[in-house]
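Everything below concerns the one structure shown next.
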Protein chains: 2
Amino acid sequence: MAAGTVLWLHLDDDSSALAQLANLRNAAPKALVIVLANKPDNEEALTLFSEGARAYINAHATVANLRQVSNVVQAGGLWIGESLMKRLLVSTQTALSRAQAIAATPKEAARGSDDPLAVLTKREQEVACSVANGSSNKEIARQLTITERTVKAHIGAVFQKLNVRDRLQLALIVSGRRPS
Amino acid sequence: MAAGTVLWLHLDDDSSALAQLANLRNAAPKALVIVLANKPDNEEALTLFSEGARAYINAHATVANLRQVSNVVQAGGLWIGESLMKRLLVSTQTALSRAQAIAATPKEAARGSDDPLAVLTKREQEVACSVANGSSNKEIARQLTITERTVKAHIGAVFQKLNVRDRLQLALIVSGRRPS
DNA sequence: GGCGCTATTGGACCAAAGGACAGTACTGGA
DNA sequence: TCCAGTACTGTCCTTTGGTCCAATAGCGCC
């Protein structure tokens with residue numbers, strides 16, 4: 001397999017993305033791998049980039065987009081989707097400050113020193129806390145006297161910002177932060 | 001300034017690189033900024049990327065290289081030098097694995113005082129722990145090589161025994177906290 | 001053998017959760 | 001004044017989660 005060859009890896013949802021990429025890169029270490037994900041996820045993207053992926057993109061992207069990505073990768077670049085970019089940079093920041101925190105004060109690192117809820121708006125923090133207390137959307141709606149729909153909107157925003165897929169994972173993050 | 005315009009920012013060694021970029025991006029928020037550094041530095045690069053730079057490269061690179069980078073950026077890509085890439089990914093990795101470790105440990109928290117899981121059968125404890133780790137029914141089914149249906153059966157039994165109404169409250173209990 | 005507990009699965013059914021796509025309204029800057 | 005961010009609401013639709021009823025099978029025990 002010559003260097004410069006571009007390979008497209010369409011992720012199979014049924015097994016570990018990392019394993020799939022690792023396999024492929026084992027077989028063709030020098031290929032430039034573009035990963036197509038059915039359900040793009042920031043964490044997954046990071047993991048895959050660290051395994052040597054050169055691009056990570058929604059499998060349902062337009063042909064034009066795919067061609068563009070291919071061009072970038074062939075030219076030696078790294079493709080990070082527009083939407084991913086912003087958040088990736090944010091998380092890179094926190095990852096860095098965390099890494100630094102670990103190096104500086106390993107004691108604090110054990111408890112997660114920075115507040116993951118900091119990126120959330122006031123309202124988002126409210127719903128996030130309620131979710132973490134085990135409330136249902138309906139209950140939260142009643143609590144805050146807003147529609148269940150609005151609760152979902154806030155929760156959806158929180159999921160994106162904290163990069164979790166459901167309320168349970170959100171609860172784990174929030175309660176891990178404040179073991180009261 | 002139209003989106004898609006590429007700007008080359010040759011860093012002045014005498015003032016803060018971040019400030020220089022911030023200025024430029026203020027003036028042209030939508031431009032794609034390629035940063036040229038006389039003395040490339042990974043830390044600096046990260047800072048600049050988080051400020052919205054699209055590429056960071058040695059100012060003394062060959063013309064061919066610069067053209068290549070330009071192509072990548074114009075196509076919407078991100079250019080990250082080889083060494084930086086490696087470094088960036090490593091720190092991301094450690095942060096990730098740490099986050100995962102935190103997310104995966106609530107199980108142990110429950111082991112200190114009396115274990116509410118004691119009333120559960122072995123299998124029920126297994127699914128309860130998986131639930132508390134944020135896994136979906138489908139994932140648990142795969143993990144234990146049983147049907148999703150069976151997972152539901154176990155979970156239902158757990159709900160009754162622990163007197164909770166859903167997986168989130170179960171997770172909170174297993175994590176050693178009380179749902180309010 | 002019969003009883004109870006555990007583990008497993010099926011089908012049907014309904015509620016909750018969450019995404020996609022849109023839209024209105026207010027506010028604090030540049 | 002225009003713009004970005006925040007808060008809020010709507011509809012449609014798909015996926016998950018959870019419950020009910022029902023069944024088969026292994027295991028230890030009296």
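Note that these values count all heavy atoms, side chains included, but never hydrogens, waters or copies made by symmetry. Order of the sequence lines fixes the chain letters, A, B, ..., with proteins taken first and strands second; residue numbering starts at 1 for each chain.
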Using atom types as modelled and distance alone, determine if a side-chain donor or acceptor of D166(B) lies under 3.5 Å from a backbone N or O of L168(B).
yes
Counting only N and O atoms by type, is there a donor-acceptor contact under 3.5 Å from the side chain of Q125(B) to the main-chain atoms of L120(B)?
yes
For R149(B), which contact category applies under a 4.0 Å heavy-atom criterion: base, sugar-phosphate, or nothing?
base
What's T150(B) touching, base or sugar-phosphate or nothing? Going by heavy atoms closer than 4.0 Å.
base
Could you give the [atom1]-to-[atom2] distance, from [X] to [N], as a whole number of Å?
X       : N       : atom1 : atom2 : answer
K152(B) : dC14(C) : NZ    : C1'   : 11 Å
H154(A) : dT6(D)  : NE2   : P     : 11 Å
L120(A) : dA7(D)  : CG    : P     : 10 Å

Between [X] and [N], is there a contact of a side-chain N or O with OP1 or OP2 at under 4.0 Å?
X       : N       : value
N137(B) : dG17(D) : yes
T121(B) : dC5(C)  : no
R123(B) : dT8(C)  : yes

Nucleotide nearest S136(A) when distance is taken to its side chain, options dG18(C), dT9(C), dA17(C):
dA17(C)
Closest listed nucleotide, where the reference is the side chain of I155(A) and the choices are dT8(C), dA7(D), dG18(C):
dG18(C)
